[in-house]
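We name chains A, B, ... by the order of the sequence lines, and we start the count at 1 in each one.
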Number of protein chains: 2
Amino acid sequence: MGEGRLQDEVAHLRARGYRVTAQRRAIIAALREAGRYCTAAQLFARLPVRQGDPISVSSVYRTLEVLADLGLAERRAEPTGEASFLYCSPRHHHHVICTACGAVREIDACPDEELARRVERATDFRVERHTLDFYGRCGDCRPRE
Amino acid sequence: MGEGRLQDEVAHLRARGYRVTAQRRAIIAALREAGRYCTAAQLFARLPVRQGDPISVSSVYRTLEVLADLGLAERRAEPTGEASFLYCSPRHHHHVICTACGAVREIDACPDEELARRVERATDFRVERHTLDFYGRCGDCRPRE
DNA sequence: CTGGTTGCAAAATTTTTGCACACTC
DNA sequence: GAGTGTGCAAAAATTTTGCAACCAG
């Protein structure tokens with residue numbers, strides 16, 4: 001679904017003054033196609049090793065940085081401490097993550113505004129944003145019933 | 001509030017067969033007193049340098065590992081990629097994090113069960129658990145109005 | 001006593017940088 | 001062209017480990 005179409009991502013890069021290079025396209029495509037959190041090393045391994053287009057690990061790190069800045073990638077820590085990234089859309093959204101295979105799906109479901117207000121009342125914080133992740137088993141990983 | 005009382009934590013350690021050492025006590029106390037996410041280095045710096053009780057960085061890492069296992073510490077990735085830990089209670093809860101000073105407060109507010117069910121219907125995942133964090137300004141960091 | 005823990009220092013990993021060259025705009 | 005982005009390899013950090021000595025239970 002939509003593989004190879006990087007127009008949106010490319011537009012985001014340009015809009016923020018970043019240049020669109022072959023490496024960035026490849027890295028974005030690989031991260032997007034992965035559909036799950038990837039460490040820099042895993043992502044590097046997923047890159048096409050084609051012809052005369054070597055991509056260095058440095059570029060992976062540098063691009064991941066850019067993507068996180070654009071809101072196109074989300075950073076997280078692996079249990080081992082390594083940083084890993086997930087491709088995602090820049091609009092507000094949440095995730096369901098499969099605890100078995102690691103697949104991630106974006107969802108729109110969002111907690112009620114009232115919840116944030118309750119938190120404000122209880123803590124004297126002024127809530128500005130939030131993150132929410134669901135964990136469970138995807139259809140493929142769940143034994144058929 | 002409650003400084004120095006590590007009974008609960010100590011009990012958790014014992015219950016799981018871990019031994020209670022002076023280093024672990026010190027590290028738990030420091031992490032708890034910090035009240036915010038700390039990288040291994042930051043936590044190491046916070047440890048009391050008293051008398052003949054040297055604590056090595058290795059122990060900080062090792063203990064952090066144990067605490068995460070017990071559910072007494074939560075791991076996260078710093079924007080720089082370093083792993084950082086937050087002291088927290090092992091029961092289900094969420095956090096409000098001050099975007100200015102980094103202070104963290106635990107909260108009970110939790111999204112409605114209905115939300116999880118909506119996610120299940122929309123994605124074919126079977127939701128088992130979730131995480132939720134609120135970000136905003138705490139009373140101290142917010143300009144008085 | 002017994003075996004989990006620790007310190008130390010070395011090793012393994014992960015991430016960042018300096019620089020000359022390449023490529024985008 | 002002007003200046004950003006890249007590869008490479010070296011450097012900086014971070015995190016993990018081996019092992020003898022220590023200490024909690």
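Residue order along DNA chain D, read from the 5' end via each residue's closest nucleotide, puts A:Val57 first among A:Val57 and B:Ala41. Nearest-nucleotide positions on DNA chain C for B:Thr80 and B:Ile27 put B:Ile27 closer to the 5' end. Summary of the strand contacts: B:Glu82 and B:Arg14 both lie near DNA chain D, and taking for each the nucleotide with the nearest heavy atom, the more 5' one is attributed to B:Glu82.
Taking atom CZ on B:Phe44 and atom C1' on D:dT15, their separation rounds to 14 Å, with Å as the unit. Following rounding to the nearest Å, A:Ile55 (CD1) and D:dC8 (P) show an atom-to-atom distance of 11 Å. When the C1' atom of D:dT6 is taken as reference, atom CD of A:Glu65 falls 16 Å away, rounded to whole Å. In this structure, B:Tyr18 atom OH and D:dG25 atom P are separated by 15 Å, rounded to whole Å. Taking atom CZ of B:Arg25 as the reference point, atom C1' of D:dA24 lies 11 Å away to the nearest angstrom.
In terms of polar N and O atoms assigned as donor or acceptor, the side chain of A:Arg24 never comes within less than 3.5 Å of the base of D:dG5 in a complementary pairing.
Note on ring orientation: taking the six-membered ring where Trp is involved, the planes of B:His92 and B:His130 are perpendicular (angle over 60°, cut-offs 30° and 60°).
A cation-pi arrangement is found for B:Arg76 relative to B:Tyr37, the charged atom lying closer than 6.0 Å to the ring centre and inside a 45° cone about the ring normal. Geometrically, A:Arg75 does not engage A:Phe85 in a cation-pi contact, judged by NZ or CZ lying under 6.0 Å from the ring centre and within 45° of the ring axis.
Between B:Arg137 and A:Glu120, no side-chain nitrogen of the basic residue sits less than 4.0 Å from a carboxylate oxygen of the acidic one, so the salt-bridge criterion is not met. A:Arg24 and A:Glu9 are not joined by a salt bridge, as no carboxylate oxygen comes within less than 4.0 angstrom of a charged side-chain nitrogen.
Once rounded to the nearest 0.5 Å, the distance linking CD of B:Glu114 with CZ of B:Arg121 reads 5.0 Å.
Among the heavy atoms of the strands, none lies under 4.0 Å from B:Ala22. Residue A:Thr39 is classed as having no contact, given no heavy-atom separation below 4.0 Å to the nucleic acid. Using a 4.0 Å heavy-atom criterion, one finds that A:Ser58 contacts the bases of the nucleic acid, with or without backbone contacts as well.
In the 5' to 3' direction, nucleotides of DNA chain C lying under 4.0 Å from heavy atoms of chain A begin and end at C:dT14 to C:dC25.
Between D:dT16 and B:Arg62, no contact under 4.0 Å exists linking OP1 or OP2 to a side-chain N or O.
The side-chain heavy atoms of B:Leu43 and B:Leu64, taken from C-beta on, include a pair separated by under 4.5 Å.
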